[in-house]
Amino acid sequence: PESPRGICGASRDVMVTRNLLRAVASGSGCYIHVVENTALNLKNTAKEKGRMKGKAALERLAKLFGVSGSDEWETAEKVADAVLNDLYKPEYVKMELVEKIAYPPRFKRWQELGILPGGAKSEVFKGVVKCSTNLNSDPVNMLIDCLRLGISTGIYGLTLTNLLNDILLGEPEIRTAPVGLRVIDPDYINIMITGHQHTMFVHLQERLTAPDVVAKANAAGAKGFRLVGCTCVGQDLQLRGAHYTDIFDGHAGNNYTSEAILATGAIDAVISEFNCTLPGIETVCDELLVKQICVDDVAKKANAEYKPFVFAEREKHSSEIIDEVIASYKNRRPKVKLNLLPEHGNGNTLTGVSEVSLKKFLGGNWKPLVDLIVQGRIKGVAGVVGCSSLVSGGHDVLTVALTRELIARDIIVLTAGCSSGGIENCGLMVPEAAELAGPNLKAVCKQLG
Ligand code: SF4
């Protein structure tokens with residue numbers, strides 16, 4: 001711009017930080033929404049004495065929080081309440097679990113810097129207020145808000161969402177699993193799931209394998225139901241897939257693969273509960289007669305039927321969804337041509353890696369990994385994480401090329417989110433990928449089998 005300031009007098013730094021803070025507050029709001037709903041689902045499940053699939057995860061988290069109950073349900077309720085109580089604190093009251101979850105030296109530094117976050121929802125609110133027209137014009141002050149929001153999003157929206165999911169959905173176990181479009185089996189009624197709040201699917205998942213519901217699928221001409229993974233929810237169910245072998249087909253692909261998944265013609269419904277249900281799939285669903293159902297209106301799609309998930313009404317909710325998906329299957333299968341790609345992806349991607357499962361795999365401590373780094377056999381561990389985008393050469397091009405380069409230089413890659421969807425579909429997470437690694441990393445991989 002020719003003028004150094006905007007018409008109101010705001011400098012470029014103010015404009016840029018204001019936009020950054022708006023984006024950060026908005027992103028934080030998204031993931032705080034996810035952890036809030038996850039904690040509420042845990043609390044509601046505990047109140048009704050529902051199934052806690054990850055009992056060890058519950059014990060670990062309760063110990064970390066310093067809470068206990070007379071049975072697993074009371075403990076789970078206390079764990080959920082500890083999270084919710086923090087989320088609902090005002091902005092001027094610091095959240096209590098940060099110190100219990102964060103890496104201690106880092107917590108100390110945050111404390112020294114005065115950037116410990118207050119109640120997560122209030123921090124989002126404050127961030128949104130600050131970046132509105134002619135309010136804050138101090139870039140450093142706004143950047144400090146970004147740091148606070150980053151801490152609350154990382155600890156609550158990401159770490160705690162995962163740890164609560166471990167309790168309700170079961171903990172990850174290291175195993176190999178099929179990935180890519182090959183996972184889609186046209187003999188079943190296939191539901192593509194998208195989002196990040198899959199504790200909302202627990203009841204539906206269980207119903208889909210119940211004999212009376214399978215009988216309904218059989219009567220419609222299918223062998224039963226299958227969930228086809230897409231976006232983060234698919235990635236996460238793959239991670240926990242050892243608990244879902246009877247219903248989960250595998251992770252077909254990431255955000256931008258969703259169009260291709262639908263284009264196989266074998267998906268009968270899309271059920272979404274959060275991002276990234278791309279608006280671009282709406283026209284594809286219309287064309288291929290795929291029923292779209294959305295269970296949380298924060299991610300309501302224009303042509304999706306909105307069926308809000310209400311825990312107390314989950315029986316009715318699941319039953320209605322099942323009937324609608326069967327109706328979609330019956331309507332569309334005689335009319336829509338299949339374009340399957342059974343060769344796409346691979347059958348043996350390594351999955352199920354979590355802090356707990358990896359440590360167990362290494363023999364109960366991190367020493368073997370640290371020793372490899374100290375001895376110089378590998379140079380370290382790099383994270384290639386986050387969303388997949390279409391920039392930098394196209395879909396997954398940058399992340400796949402970067403990963404190839406890193407492993408060729410003897411650096412282990414840890415990947416998560418949609419980036420990992422592309423990296424695994426391109427064959428970089430199968431045992432044979434050791435051949436693409438540098439000599440030291442290759443030897444380590446072969447030693448580990
Ligand atoms: S990793 Fe990113 S792009 Fe993929 S589903 Fe999650 S938020 Fe969306």
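Each ligand, and each atom within it, is numbered from 1 in the order the structure gives. All values derive from a computational prediction rather than experimental measurement.
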**Q** Is the closest heavy atom of Phe274 to ligand 1 under 4.0 Å?
**A** no
**Q** To check your reading of the model: name the closest protein heavy atom to atom 8 (Fe) of ligand 1, its residue, and the distance in Å.
**A** Cys276 SG, 2.2 Å
**Q** In terms of the angle between their ring planes, are His33 and Phe274 parallel, tilted or perpendicular, with boundaries placed at 30° and 60°?
**A** parallel
**Q** Looking at Lys53 and His243, would you say the former's side chain and the latter's main chain have a donor-acceptor pair under 3.5 Å?
**A** no
**Q** Any side-chain donor-acceptor pair under 3.5 Å between Thr257 and Asn254?
**A** yes
**Q** At less than 4.0 angstrom from any non-hydrogen atom of Tyr31, what atoms of ligand 1 do you find?
**A** 7 (S)
**Q** Do you see a donor-acceptor pair shorter than 3.5 Å between the side chains of Asp396 and Ser388?
**A** yes
**Q** Let me check your reading of the structure: within less than 2.8 Å of atom 6 (Fe) of ligand 1, is there an N/O/S atom from Cys232?
**A** yes
**Q** For atom 2 (Fe) of ligand 1, what is the closest protein heavy atom, and at what distance to 0.1 Å?
**A** Cys387 SG, 2.3 Å
**Q** Any ion pair linking Lys130 and Asp145 (charged N to carboxylate O, less than 4.0 Å)?
**A** yes
**Q** Counting each atom of ligand 1 from 1 as listed, which ones have a heavy atom of Asn275 under 4.0 Å away?
**A** 7 (S)
**Q** So which protein heavy atom does atom 4 (Fe) of ligand 1 come closest to, and at what separation?
**A** Cys418 SG, 2.2 Å
**Q** Is there a heavy atom in Asn254 that sits closer than 4.0 Å to ligand 1?
**A** no
**Q** Taking all atoms of both residues into account, what is the closest heavy-atom pair of Gly29 and Val124, and its distance?
**A** N-CG2, 3.7 Å
**Q** Looking only at side-chain N and O atoms, does Asn339 offer a donor or acceptor that is under 3.5 Å from a partner on Lys337?
**A** yes
**Q** List ligand 1 atoms under 4.0 Å from Asn255, heavy atoms only on the residue side.
**A** 3 (S)
**Q** Could you tell me whether atom 8 (Fe) of ligand 1 has an N, O or S atom of His196 under 2.8 Å away?
**A** no
